[in-house]
Amino acid sequence: MAFPILTAEEVAELVHDGDTVCVSGFTAAGSPKAVTEAIAHKAEKEHAEGKPFKINLYSGASTNNHADGALARANALNHRSPYQNTPDLRTTINSRDTNYFDLHLSELAQKFRYGALGGIDLFIIEAASIRDNGDIVLGNGVGNVPTYAKMAKKVVIELNSHVTPHIEGLHDLYLPLDPPHRREIPIYKPSDRIGDTLLHVDPSKIIGIVNTDYPDGVKGFTPLDDITKQIGANVCDFLVSEIRRGGIPSSFLPIQSGVGNVANAVLFGLADSKEIPPFEMYTEVIQDAVITLMEKERCHFASTCSMTLSDDMMRHVYDNIDFFRDKILIRPAEISNSPEVIRRLGVISMNTALEADIFGNVNSTHVTGTRMMNGIGGSGDFTRNAYISIFTCPSVTKGGLISNIVPMVSHHDHSEHSVDIIITEQGVADLRGKSPIQRAETIINNCANPAYRELLRDYLKLSTGAAHTPHTLKASLGFHTTFLETGDMSKTDWSKF
């Protein structure tokens with residue numbers, strides 16, 4: 001059947017205050033661009049006329065300025081989940097104009113299927129091509145597409161001519177059964193294909209096609225500085241030491257790497273290491289560095305949920321798609337981030353912390369415990385189930401005014417029970433098998449900045465009496481309260497607590 005061609009504005013007119021709208025993609029990759037902007041413009045018009053207009057928006061992860069950014073600026077978001085990284089949306093979350101439900105990325109699709117979040121009024125899918133029977137070649141990111149397509153009342157397709165239809169074949173779309181009928185996810189190595197290359201959508205749901213021509217708009221990362229380079233080197237040195245002692249098989253294991261400059265530094269460090277063999281990835285996002293490593297034959301294969309590549313690198317992949325066709329699979333988030341598969345494959349996870357405390361707990365989400373930064377993303381999916389879980393961060397930020405190693409994290413995302421290794425530019429803290437006080441001594445000695453080590457040691461001395469974890473509760477957030485009062489954690493005076 002021939003689907004009607006619509007404008008983004010015509011689709012927006014079908015969206016009403018209180019509707020639940022879901023979108024394809026994972027990060028900016030594969031996220032819609034046109035319809036969400038039109039919904040934002042409708043919200044501005046409705047607000048100008050004194051009418052309420054807010055939608056509930058669900059995605060695979062973060063989206064882009066066309067979706068999260070535009071809708072946040074229009075104050076058009078009521079509920080938002082599971083992840084975001086747009087400054088304008090961050091502002092409305094922290095002002096409590098948007099109700100943000102921060103969630104492990106592997107869980108959102110099944111929460112919809114289990115009925116916890118209600119129905120889906122409209123699902124917007126970015127596509128590279130669509131066939132008359134409703135079969136769709138998706139774009140550069142998948143997210144929660146199979147579940148949203150199954151549950152949505154109405155579906156609209158953003159047919160993006162910027163995405164080559166030759167991307168067909170890179171997707172592996174699989175929808176697990178729900179309990180009590182669920183079976184194992186049959187992935188036993190990252191390259192195992194288990195699903196369909198096309199998204200099958202009931203054509204009666206598709207209300208029309210909106211033609212677009214947008215790049216994903218992913219920017220390249222800034223050049224590595226000395227600190228990120230040293231963190232990357234420390235991670236690689238640790239992995240090499242594990243191979244030497246037999247802790248990691250000599251054939252190596254799949255790796256997961258978060259997003260950002262530190263992640264890129266680690267990947268390039270792995271490429272340069274002569275003792276780490278060519279490797280595979282089982283991860284949620286691949287960045288520019290992975291493409292470079294594939295061409296250098298250092299990364300043989302990557303299972304992912306998204307190709308979050310800079311526009312120039314994405315064009316390079318399109319131009320050489322046959323080279324990459326047997327090296328990349330793009331899966332739904334509940335598969336790319338499946339705890340079951342992560343544990344089975346023995347994935348080595350590497351994620352970034354905002355701060356870590358001296359006992360091994362990690363804060364990934366909240367600045368000084370109150371202001372949301374981005375969200376937990378997939379870090380918990382991987383950390384809790386990894387063969388080895390690694391967290392990295394600089395030892396200090398803001399020129400040394402903030403120590404990222406603190407007595408107690410101001411918000412708790414990953415517990416000491418899940419965090420194996422903490423690495424800063426100062427060194428490596430291996431926390432496995434250590435008691436709380438042993439962890440504290442290791443983290444202070446190996447990871448804390450020298451400017452803060454004595455302050456952290458003095459904090460441990462405050463504890464009196466018998467205590468397995470020697471916290472002094474009235475002083476445990478002393479670094480944070482001092483920073484809020486003076487702008488400099490190093491001015492902490494324990495005698496005041």
Side-chain angles (χ1 to χ4, degrees), residues 227-228 230-232 234-235 238 257-263 265-266 348-380 382-384 386 388-398 400-457 459-460 469-471 475-483 489-490 492:
I227 290 177
T228 52
Q230 187 58 55
I231 294 172
N234 289 345
V235 172
F238 165 75
S257 179
V259 178
N261 279 344
V262 172
V266 171
I348 299 169
S349 73
M350 297 180 284
N351 291 286
T352 303
L354 283 180
E355 62 181 4
D357 69 30
I358 56 177
F359 299 108
N361 304 292
V362 166
N363 171 15
S364 294
T365 58
H366 285 73
V367 177
T368 60
T370 61
R371 290 183 291 117
M372 171 60 67
M373 178 59 71
N374 295 328
I376 196 168
S379 57
F382 285 91
T383 295
R384 181 69 185 90
I388 302 174
S389 64
I390 301 170
F391 276 94
T392 64
C393 64
S395 65
V396 293
T397 50
K398 287 191 177 293
L401 299 177
I402 294 176
S403 173
N404 296 324
I405 305 298
V406 296
M408 178 186 282
V409 287
S410 57
H411 179 86
H412 196 171
D413 291 301
H414 309 283
S415 82
E416 63 194 80
H417 310 294
S418 302
V419 179
D420 292 326
I421 312 293
I422 294 175
I423 298 177
T424 70
E425 82 284 0
Q426 299 295 322
V428 177
D430 187 342
L431 310 181
R432 294 172 293 180
K434 291 182 171 62
S435 68
I437 192 66
Q438 290 173 325
R439 291 197 296 270
E441 292 167 348
T442 301
I443 292 170
I444 293 170
N445 292 337
N446 294 2
C447 293
N449 191 276
Y452 284 91
R453 286 178 188 164
E454 286 309 311
L455 273 173
L456 292 166
R457 292 180 181 123
Y459 171 77
L460 286 176
T469 302
H471 266 310
S476 59
L477 295 176
F479 273 23
H480 302 89
T481 55
T482 299
F483 176 76
M489 284 187 178
S490 70
T492 302

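Residues: numbered from 1 along the sequence shown.
Considering OG1 of Thr365 and CZ of Arg371, their distance stands at 12.0 Å, rounded to 0.5 Å. Here CD1 of Ile437 is found 7.0 Å from CD1 of Ile358. Values are rounded to the nearest 0.5 Å. With values rounded to the nearest 0.5 angstrom, Thr442 atom OG1 is found 12.0 Å from Arg432 atom CZ. Atom-to-atom distance recorded for Ile423:CD1 and Thr352:OG1 is 11.0 Å, nearest 0.5 angstrom. Here the straight-line distance linking atom CD1 of Ile444 with atom CG of Leu460 works out to 4.5 Å at 0.5 Å rounding. Between the OG1 atom in Thr492 and the OH atom in Tyr459 there is a gap of 12.0 Å [rounded to 0.5 Å].
The minimum heavy-atom distance between Cys393 and Ala353, with the atom names listed, is CB-O, 3.3 Å. In terms of heavy atoms, Leu431 sits closest to Arg439 at CB-CD, 3.8 Å. Between Ser389 and Ser418, the shortest heavy-atom distance links the atoms OG-O, 2.5 Å. The two residues Gly360 and Ile422 have their closest heavy-atom pair at CA-CD1, 4.1 Å.
Two residues are said to be in side-chain contact when any heavy atoms from C-beta on lie closer than 4.5 Å; Leu456 and Pro407 meet this criterion. In this structure, Ile402 and Met489 have side chains that are in contact, with non-hydrogen atoms separated by less than 4.5 Å. At a threshold of 4.5 Å between non-hydrogen side-chain atoms, the residues Asp430 and Asn446 do not count as touching. With a 4.5 Å cut-off on side-chain heavy atoms, Asn234 and Gln426 do not count as touching.
The backbone N or O of His417 lies less than 3.5 Å from a partner atom in the side chain of Ser415, making a donor-acceptor pair. The main-chain N or O of Asp357 is never found under 3.5 Å from a side-chain atom of Asn361 such that the two would form a donor-acceptor pair. Panel note: side chain Asn404, backbone Pro394; a donor-acceptor pair is recorded below 3.5 Å. A distance-only check finds a donor-acceptor pair linking the side chain of Glu425 to the backbone of Ser395 [under 3.5 Å]. Between the Ser410 side chain and the Gly369 main chain, a donor and an acceptor come within less than 3.5 Å of each other. Formation of a donor-acceptor pair under 3.5 Å by the Asp420 side chain with backbone atoms of Ile390 is not found in this model. Of the possible donor and acceptor atoms, none in the side chain of Glu416 sits under 3.5 Å from a partner among the backbone N and O of Pro436.
Listed by chain and number, the residues in a side chain to side chain donor-acceptor pair (under 3.5 Å) with Ser257 amount to none (sequence neighbours excluded).
Of the candidates His480, His412, His411, His366 forms a ring-ring contact (aromatic ring centres under 6.0 Å, His included) with just one, namely His411.
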*Stepwise side-chain contact (heavy atoms from CB on, under 4.5 Å) test for Ile421 and Val428*: CA-CA 7 Å; Ile421 312 293; Val428 177; 3.8 Å; yes
*Run the ring pair (Phe, Tyr, Trp, His ring centres under 6.0 Å) check on Tyr452 and Phe479 step by step: do they pass?*
CA-CA 10 Å; Tyr452 284 91; Phe479 273 23; 5.6 Å; yes
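Within 6.0 Å of atom CZ in Arg457, more than 12 heavy atoms from other residues, nucleotides or ligands are found, so the atom counts as buried in its surroundings.
Classification of the His471-Phe359 ring pair by plane angle, with boundaries at 30° and 60°, yields perpendicular.
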